Amino acid sequence: MSASALLPPVKVRPYAVIVAIFILIEATGIFEQVMVYTAIPTLMGVFNIDTATISWVITVFLLVGAATAAISGRLGDIYGRKKILIIMMAISAAGSVISVVFGNFEGILIGRALQGTSAALFPLLVGIAREVVPAPRVPVLIAITTGTASIAGSVGALVAGVLLDLGDWRVMFLASGVLALCALAAATGLPRSIVTPFERTRFDIVGAVVLAPAVAAILFAFNSSRSGMTPFAIVLIVIGLALIAFWIVWELRIKNPMFNLRLFKQRALTLVLVTTAFIGLGVFGAGALLNPILMQGKTSMPVGLGLTPTVAGLYGLVTGIIGFILSPIGGKVAAKYGAKITLAIGIIVALIGFAGFLVAVHNLPLAVIATIFTGVGTSLILVGLPNLIVEVVPPQNTGEAIGIVYQVARTLFSAVGTTVVGILLASSVVPGTTAPTYSAWATVLAYIGATALLALVVTLFIRKVKPMDQRGEVIEAIAEVQEEILENRAEAHGPTTTSKVGQ
């Protein structure tokens with residue numbers, strides 16, 4: 001009996017249908033994340049609350065998102081990615097409903113916490129990609145998904161603003177709920193997940209429970225310390241690091257860990273983690289602060305073009321569109337030559353863009369060009385990183401590897417980077433204002449350049465692995481399950497001659 005005969009038939013969806021479903025799911029998650037940015041002034045007025053209080057609608061989303069992203073990828077690897085994807089999307093949709101039904105700020109906080117689970121969707125989507133399309137098409141599918149995130153952020157903020165102008169804040173949450181339900185319905189059309197029966201082991205509760213508060217403590221500490229570290233933040237960081245240290249020891253000692261940290265014995269995966277750290281500390285951590293200061297800062301200040309938020313947002317939308325268009329090209333480069341090349345190109349392009357920020361402080365055309373370069377570079381980095389992880393880990397470990405390296409590590413180091421950039425910008429300001437001096441601006445750009453160069457060097461040290469185009473027209477997850485079934489049958493019945501499926 002062949003291995004394929006041991007597996008129930010798997011429905012193959014047209015590639016265009018898979019792409020459309022992925023775009024809808026990713027766009028929904030991004031819209032849920034960014035929509036409240038536009039609504040912050042409205043919510044402050046409606047509920048009569050200050051900036052410190054309203055910031056929790058963002059913070060709680062990020063905390064839950066980082067924690068669930070770490071866990072959902074592994075749960076999908078074990079119990080089926082489609083199943084976990086649908087559960088997370090249902091929880092996220094419930095968050096929109098609760099926000100509207102409760103109608104108060106406390107209800108919104110609960111709803112935002114539930115919506116945070118949408119940040120856990122990407123690791124599951126990457127794992128599903130290896131289950132539903134042949135290997136050569138995986139990089140482009142991942143690239144389109146990350147490209148969707150680039151443009152959906154700009155479009156989402158614009159749509160949220162329109163909805164707020166047409167009605168009250170509830171309209172925005174109603175729209176996110178309807179969008180989430182549509183994405184949930186579309187997700188049911190994905191083929192069922194292929195789960196190796198031998199992966200169903202005892203669930204590591206300690207590994208799942210300990211990581212979530214560790215990540216949340218560190219993330220909260222840095223997100224609440226943009227202008228300087230407080231004693232409370234330092235205590236949270238120490239607690240978080242202690243929990244992570246315990247978690248690492250625990251996961252390495254038990255037989256069936258929640259996260260297979262032994263994957264990091266692979267030199268390539270460890271180097272991808274280091275690269276992610278440097279990119280998070282610089283390129284990812286800086287964008288959220290530098291772009292608004294450059295575009296919307298007063299022209300009388302050392303740095304500033306004096307644009308209105310709307311005009312600045314339109315330039316951001318243009319950058320997002322360009323990034324979305326170029327993302328599939330980055331995916332094709334990754335498929336043919338390896339994701340290492342896409343990642344390196346992205347870092348170099350982003351470096352050029354940030355270098356342009358040095359001379360574009362009062363020059364709009366140069367600033368637009370520099371912003372496009374940073375946006376395109378970031379888009380290519382977002383294509384290269386997950387595809388590089390996919391290249392170096394087996395299909396059965398895709399979710400957990402993406403969750404830990406791409407989602408959790410990227411989020412944590414970006415939070416650290418944003419704090420460092422904020423402190424550097426605040427280290428030298430124009431007297432009587434909060435606007436940074438040019439020397440502080442240049443210092444930040446030098447810091448970003450240094451971290452990007454380190455990321456580039458580490459990337460170049462990653463050994464080239466077999467690009468996805470060279471792996472044959474095989475759906476990797478199915479081939480892996482079939483091979484494992486054959487190997488287990490061979491062990492059960494004694495030595496036999498078996499050929500590897502999909503080779």
Side-chain angles (χ1 to χ4, degrees), residues 37 51 55 153-154 222-230 277-320 322-323 346-379 381 413-457:
Y37 299 163
T51 54
S55 66
S154 300
F222 281 103
N223 273 306
S224 61
S225 305
R226 298 286 172 86
S227 59
M229 298 302 295
T230 63
F278 283 128
I279 293 173
L281 290 171
V283 174
F284 288 158
L289 291 179
L290 294 191
N291 282 331
I293 292 174
L294 176 62
M295 291 295 183
Q296 300 177 45
K298 295 180 179 179
T299 55
S300 59
M301 294 293 106
V303 178
L305 297 169
L307 302 181
T308 65
T310 300
V311 174
L314 289 175
Y315 281 121
L317 177 59
V318 171
T319 301
I322 295 173
I347 295 173
I348 293 171
V349 172
L351 259 173
I352 295 172
F354 281 112
F357 279 15
L358 275 172
V359 295
V361 291
H362 290 127
N363 188 312
L364 180 59
L366 283 179
V368 171
I369 294 172
T371 301
I372 290 174
F373 267 81
T374 59
V376 170
T378 301
S379 296
I381 290 171
F413 284 106
S414 295
V416 175
T418 302
T419 300
V420 171
V421 170
I423 292 172
L424 290 175
L425 289 173
S427 65
S428 177
V429 297
V430 177
T433 73
T434 58
T437 62
Y438 184 79
S439 63
W441 181 258
T443 300
V444 167
L445 292 173
Y447 163 78
I448 296 169
T451 55
L453 284 173
L454 288 171
L456 180 61
V457 170

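Fair warning: this is a prediction, and the values are worked out from it, not measured in the lab.
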Give, for atom [atom1] of [X] and atom [atom2] of [Y], the distance between the pair rounded to the nearest 0.5 Å.
X: Ile322; Y: Leu317; atom1: CD1; atom2: CG; value: 10.0 Å
X: Leu351; Y: Leu453; atom1: CG; atom2: CG; value: 5.0 Å
X: Asn363; Y: Leu305; atom1: CG; atom2: CG; value: 8.0 Å
X: Leu366; Y: Leu358; atom1: CG; atom2: CG; value: 11.5 Å

If you draw a 6.0 Å radius around OH in Tyr447, do more than 12 non-hydrogen atoms from other residues or ligands fall strictly inside? yes

State, with a plain yes or no, whether a side-chain heavy atom of [X] is found less than 4.5 Å away from one of [Y].
X: Val318; Y: Thr371; answer: no
X: Leu281; Y: Val416; answer: yes
X: Thr319; Y: Tyr315; answer: no
X: Leu290; Y: Val303; answer: no
X: Val429; Y: Thr434; answer: no

For [Y], is there any backbone N or O sitting under 3.5 Å from a side-chain donor or acceptor partner on [X]?
X: Thr418; Y: Gly285; value: yes
X: Trp441; Y: Leu294; value: no
X: Thr419; Y: Phe222; value: yes

For the residue pair [X] and [Y], what are the closest heavy atoms and their distance?
X: Gly323; Y: Ser379; result: CA-OG, 3.5 Å
X: Pro436; Y: Val430; result: O-CG2, 4.3 Å
X: Phe278; Y: Ala455; result: CB-CB, 3.8 Å
X: Ala452; Y: Ile347; result: O-CG2, 3.4 Å
X: Ala350; Y: Ile381; result: CB-CD1, 4.4 Å
X: Met301; Y: His362; result: O-NE2, 2.8 Å

Stepwise side chain to side chain contact (heavy atoms under 4.5 Å, CB included) test for Ile448 and Phe357: CA-CA 11 Å; Ile448 296 169; Phe357 279 15; over 6 Å; no

